[in-house]
Amino acid sequence: MRGDYSSVALLVARAADGDQAAWNEIVERYAPLVWSICIRYRLSSHDIEDVSQSVWLLLVEHLGNLREPAALPGWLATTTQHECQRVLRAARRYDRFGPVPDELPPPLADDTVIEQEIITAERNAALRAAFGELAPRCRELLSMLITDPPLSYAKISATLQIPVGSIGPQRARCLERLRNSRSLSAFIDGETMPAHVRASGGETGA
Amino acid sequence: MRDGWDDDQLLAALGEAMKARETLPAQFIEAAKNAYAWHNIDAELAQLTYDSSRDESWSAAVRSETASIRALTFTSAHFAIELEVTEDFLLGQIMPPREGTIEAQTRAGATTATPVDEIGFFSMEPIPASPFRLHYRTAEGTDLVTGWITL
């Protein structure tokens, strides 16, 4: 399936076994997913902290008995949604101007949106892991190429002390290594680019 | 699509991936990693179910009349812990009441233990450094932990 990258089940097993490094890796991979869902629910930073701590504590509790460890991202997404709804419900109950309903507030994000967040989070984690596999030289160059706003080739040339003319070929080489990295090659296989990345800069201006 | 992403797409995707991680506050990641300290602690989690700082009617009506600065309630399947923060003390009531020990734990790992009396009351002084969480245990095997408390 996803080669090394599918080892989320292994990370879960190691974390359940007492390995803090495996736990940290799970957090590094999936904290952005928890974050992005909280943002979808438009929570305050105080509430995001509340949701996040509950989600990770619940995961700590359930490490040993997740029904399908490989489906951890889905579990995290669902749990985060429940916690967001809990926080919103608690806020409503004490809003004297509003209704005091006991039912769940309607989910602000539908399933397809959450599904997309999961796919994005998995892809991003694979890309970051792939980047980590690169040699320092490539990491430096690619970091400079993705800064926002972009650096000019002249600036990159001066900083890295390489001729302007070699930036293009080196960029191509580094990206090839990224593409062929263990973390990413399996992931790209069969995946298609999401529309918003494919269209980057194009559609929005129209 | 069989060939995967071209260079520009790949670079754009990498940029997005790095940004998604870099925009997260360091504290958000740190707290998530620290949650692992609770691994293998067989405690029931009590979640925040009331916070006076989110309750407009509370602050208007109560704050002016009493020394209480903040009221919080944590609830689990079997217990509720009501907290009242005054200027000098952290006062608490556990329901149903049971004698035991309650311990405040800060993120730095410092702990302060205080007895809970037979009517479920406890008092802590000084107030633990924020953020902290409370861990309640009884001789009968009750083991309860609250979410992080930020005052």
Side-chain angles (χ1 to χ4, degrees), chain A residues 15-16 18 20 23-24 27-28 31-32 34-36 45-46 48-50 52-61 63 86-87 90-91 93-97 120-121 123-128 130-131 142-143 145-148 171-172 175-176 178-179 188-194 197-198 200, chain B residues 1-25 27-61 73 75 131 133 145-150:
Chain A
Q20 168 93 49
W23 172 264
N24 289 355
V27 170
E28 286 289 342
V34 173
W35 177 266
S36 68
S45 60
H46 183 271
I48 290 178
E49 196 177 327
D50 181 3
S52 169
Q53 61 157 306
S54 295
V55 169
W56 294 109
L57 282 170
L58 286 167
L59 179 59
V60 167
E61 267 179 45
L63 271 177
R86 173 182 64 81
V87 162
R93 190 173 305 153
Y94 300 107
D95 179 357
R96 62 186 161 141
F97 300 112
T120 304
R123 189 187 64 239
N124 286 347
L127 281 159
R128 288 192 301 268
F131 182 78
L142 292 183
S143 295
L145 289 167
I146 59 176
T147 50
D148 186 22
R171 172 190 194 264
L175 287 173
E176 197 50 32
L178 188 73
R179 191 177 282 115
I188 291 180
D189 214 20
E191 291 277 327
T192 54
M193 287 296 287
V197 174
R198 205 183 310 130
S200 65
Chain B
M1 273 313 150
R2 266 265 150 265
D3 296 334
W5 304 340
D6 71 27
D7 279 7
D8 289 343
Q9 289 172 335
L10 182 56
L11 197 62
L14 178 66
E16 251 195 38
M18 300 309 264
K19 206 169 118 196
R21 169 65 182 80
E22 281 157 14
T23 50
L24 301 190
Q27 179 53 44
F28 182 79
I29 299 286
E30 215 40 49
K33 289 182 178 172
N34 289 344
Y36 194 64
W38 295 92
H39 186 237
N40 281 344
I41 292 180
D42 204 12
E44 185 177 332
L45 178 64
Q47 295 187 312
L48 183 67
T49 47
Y50 175 75
D51 183 346
S52 62
S53 72
R54 291 178 187 160
D55 183 358
E56 288 177 36
S57 51
W58 187 88
S59 45
T73 305
T75 313
R133 54 193 312 173
V145 64
T146 68
W148 289 103
I149 300 166
T150 309

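Protein chains get the first letters and strands the later ones, always in sequence-line order, with residue 1 at the start of each.
- Residue contact with chain B, scored on non-hydrogen atoms closer than 4.5 Å, involves the side chain of A:Gln53 exclusively.
- Not a single donor-acceptor pair under 3.5 Å links the side chain of B:Thr73 to the backbone N or O of B:Thr49.
- A salt bridge links A:Glu176 with A:Arg179: the closest approach of a Lys/Arg side-chain nitrogen to an acidic carboxylate oxygen falls below 4.0 angstrom.
- When atom types are taken as modelled, the side chain of A:Ser52 and the backbone of A:Ile48 share no donor-acceptor pair closer than 3.5 angstrom.
- Taking B:Gly147, B:Ala32, B:Gly15 one by one and counting their heavy-atom pairs under 4.5 Å with chain A, the maximum is reached by B:Ala32.
- Of the atoms belonging to A:Ala130, not a single heavy atom falls under 4.5 Å from chain B.
- Neither the backbone nor the side chain of B:Ala31 comes within contact range of chain A; no heavy atom of the residue lies under 4.5 Å from a heavy atom of that chain.
- Proximity of a side-chain donor or acceptor of A:Arg123 to a complementary backbone N or O of B:Ala17 within less than 3.5 Å is not detected.
- Residue A:Asn24 touches chain B through both its backbone and its side chain, counting heavy-atom pairs closer than 4.5 Å.
- Contacts between A:Leu63 and chain B at a heavy-atom distance below 4.5 Å involve the side chain alone, from C-beta outward.
- Summarising the geometry of B:Thr146 relative to B:Arg133, their closest heavy-atom pair is O-NH2, 2.7 Å, with the distance given to 0.1 Å.
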